[in-house]
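The chains referred to below are lettered A, B, ... by the order of the sequence lines, with proteins before strands, and numbering in each begins at 1.
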Amino acid sequence: MYPSPRFLPAGDKALVAEFGNKIDPKTNEKVRQIFIALQQLEVKGITEMIPTYRSLLICYDPLETGVKELKKTVLEINRSASQVEIPEPLVYYVPVKYGGNHGSDLDYVAAHNNLSEEEVINLHTEPLYRIYMLGFTPGFCYLGGMHDAIATPRLKNPRVRIPAGSVGIADKQTGIYPIDSPGGWQLIGSTPLCIFDASASSPFLFGSGNYIRFVRINTDEYQHIKEQVEQGKYSVRTEEKSCSENH
Amino acid sequence: MQETENAQKGILVRQGGMLTVLQDLGRYQYRQYGMPTAGAMDQFSYRVGNLLVENPENYASLEITLIGPDLLFQKESMVAITGAPMKPQLNGREIPMWQSIPVCKGDVISFAELETGCRSYMAVAGGFDLPPVMGSLSTYLRAGIGGYQGRQLKQGDLLPLTRETGGEQGSIRYRYPEHLIPPYPAAQVLRVVLGPQQNFFTAASIRTFLNSEFEIDSTSDRMGCRLNGPTLKHRHKAEILSDGLIPGSVQVPGHGNPIVMLSDCPTSGGYPKIATVISADLPKIGQLKPGDRLAFQRVSLKAAHSAYKVFQDSISKDLLEKIPDEHSLPAESRVYQVIIEGKTFRVQIKKENT
């Protein structure tokens, strides 16, 4: 993390506040805190923000504010973030049915890493994954924290259609496909949760700076949760990260 | 002629054109979740169109690319066609652009040919009676959301119109001053502010970037404008840790050919961005097509902000000219406002063709 934020111009309506140049939870947590503080302060002239691994893109209306004012505000928040109460990050518990039809590459991932399927599942459900940012497709979470022991290269021939909810591995990354899309990730499981629903009042299930923990479920549980999700009756289990750590 | 006759009627698409989609200002507040804004590629023409038919500025219009559609109106309305000159026609007779045009039930609007530029916009008074998705009617083609069923228009589609007539007066017609209508040359100069990652490039490459002409590649689309020309060299790496992207960001991947990100661009990207096109000049890229050329001119942030003010001021109701009543109608027709038992009707009387 940089000792103090760097500001980079991104045209006449956006400013980048950069807090570091590496993927690490501390820098990303700083991004989250500044992002939330700017939202809560309802800073005049800020139209939208995009938090990423190590920076915050601040879009603004130049008729209402300027780079000078925005820099000053960010620096003030950075010095004393205590003025705004920043909520704890949340942990989302994401149920996943591993293997079989729900994760047709689980056997390959196991064989590639000289592990049993059981060991791959245990290693995949063990970490608390930080949602560093969203992007790539609507609702796609860039997760950090996967064990290198289950890292597996992408498929040589990407699939034409991967169903929404598929959980996969690509090299040292793991992720969930939010919408049906083509892709080359090794599919190890599937979640019955709806990650992105454009017609919902809150279209996205996850926000950046929070955490995901994958929970293994069986086929019956998968079916049951899927039905509940479709009927709008399922609410994803969450808790504050500090609680989760105390377990 | 009952008012109820107008309910649930709209525009029947007889031909969809090459790529006709509903677009508005864009879909905001969801970029933090990876959702691109989409929205009109030429925001200037799009916004002036809404002014001309007295719509609020965020009402969706048809964005018409290269080859226009063929549209049958099932109810009377008021439209305005702006943007690239595409020789619009009302029942086969050429009509002017950049002004409001009354349309009667049964009228057909079509487009003879694109003269220059790339995209025209058709605003309809009162807008379309379609459900916004995540606060916007903009079509985001890749995810198939928004607009009309998340896709481009095709033959047989029926675009429902609202029952609003647009504006208080409804029948007053406006035009945008001719001297303010932008030209659509095949070569444009776009003003840029350097950064955010100009320090990833050699000084020679920055000079090349600012002193060369680039050609629009045929793979360009609503997501980005790919450029061919001299290649740019990175000082060390051609990758950064992914950070935020906006329309106007000029990304340069390892191959050294710049890509200007546009309306449908992803919210983040991992290539260094040498510069950002200023927002006042973004509509110009929306009017370039494959084979057209562009060059970049560096300006200061202060100059970019002044340009933005000028740009915003050019999209103002105050600039519109009222069209005098006697000239307010297509040739050989007249519209009268008739009040019968307290209900207002607009009646158009046309001369028969022999």
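- Neither the backbone nor the side chain of A/Ser181 comes within contact range of chain B; no heavy atoms are under 4.5 Å apart.
- For chain B, the nearby parts of A/Leu134 are the backbone and the side chain; heavy atoms of each come within less than 4.5 Å.
- Summarising the local packing, CD of A/Glu42 is surrounded by 12 or fewer heavy atoms from other residues, nucleotides or ligands at distances under 6.0 Å.
- Heavy atoms of B/Gln312 lying under 4.5 Å from chain A belong exclusively to its side chain.
- Counting heavy atoms from C-beta on, the side chains of B/Gln32 and A/Gln39 come closer than 4.5 Å.
- Taking the side chain as every heavy atom from C-beta outward, B/Ser242 and A/Thr52 never approach each other to under 4.5 Å.
- The neighbour count for A/Asn157 CG, taken as heavy atoms of other residues, nucleotides or ligands under 6.0 Å away, does not exceed 12.
- Looking at A/Phe7, neither its backbone nor its side chain comes within 4.5 Å of chain B, counting heavy atoms on both sides.
- Of the possible polar contacts, none joining the A/Glu48 side chain to the B/Tyr28 backbone as a donor-acceptor pair under 3.5 Å is found.
- In this structure, A/Pro203 and B/Met35 have side chains that are not in contact, with every pair of non-hydrogen atoms separated by 4.5 Å or more.
- Proximity to chain A involves both the backbone and the side chain of B/Ile278, based on heavy atoms less than 4.5 angstrom apart.
- Using a 4.5 Å cut-off between heavy atoms, A/Phe136 contacts chain B through its backbone alone, with no side-chain atom that close.
- Heavy atoms closer than 4.5 Å to chain B are found nowhere in A/Cys141, neither backbone nor side chain.
- Every pair tested for ring-ring contact (aromatic ring centres under 6.0 Å, His included) that includes a residue from residues 244-276 of chain B fails, sequence neighbours excluded, so the list is empty.
- When all heavy atoms of A/Ala198 and B/Met134 are compared, the pair lying nearest together is O-CG, 3.4 Å.
- B/Arg151 CZ: more than 12 foreign heavy atoms inside a 6.0 Å radius.
- Taking each heavy atom of B/Asp243 and A/Ser55 in turn, the nearest pair found is CB-OG, 3.5 Å.
- Nearest heavy atom pair, residue B/Leu301 against residue A/Gly11, reads CD1-O, 3.4 Å.
- In this structure, B/Leu245 and A/Ile50 approach most closely via the heavy-atom pair O-CD1, 3.8 Å.
- Residue A/Gly207 comes nearest to B/Tyr33 through the heavy atom pair CA-CE2, 4.1 Å, listed as atom of the first residue, atom of the second, then distance.
- A donor and an acceptor atom, one from each side chain of A/Asp12 and B/Ser279, are located under 3.5 Å apart.
- Ranked by heavy-atom pairs under 4.5 Å with chain B, the list A/Leu15, A/Leu56, A/Val16, A/Leu63 is led by A/Leu63.
- The salt bridge (Lys or Arg N to Asp or Glu O under 4.0 Å) contacts involving residues 179-203 of chain A comprise A/Arg161-A/Asp180, where partners must be two or more places apart or lie in separate chains.
- One finds the CD atom of B/Gln197 at 7.0 Å from the CD atom of A/Glu18 (value rounded to the nearest 0.5 Å).
- For A/Pro9, the parts lying under 4.5 angstrom from a heavy atom of chain B are both the backbone and the side chain.
- A/Arg54 contributes a side-chain N or O that, together with a main-chain N or O of B/Leu241, makes up a donor-acceptor pair within less than 3.5 Å.
- Looking at B/Tyr140, only its side chain comes within 4.5 Å of chain A, counting heavy atoms on both sides.
- Heavy atoms closer than 4.5 Å to chain A are found nowhere in B/Ser249, neither backbone nor side chain.
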Inset, instruction - Check the pair B/Tyr308, A/Asp61 against side-chain contact (heavy atoms from CB on, under 4.5 Å), reporting the backbone distance first and the verdict last. - result: CA-CA 10 Å; B/Tyr308 179 67; A/Asp61 180 349; 3.8 Å; yes
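- Between A/Phe140 atom CZ and B/Ser268 atom OG the span is 10.0 Å, to the nearest 0.5 Å.
- For a residue to count as touching a neighbouring chain, one of its non-hydrogen atoms must lie under 4.5 Å from one of that chain's; by this rule A/Phe35 touches chain B with the side chain only.
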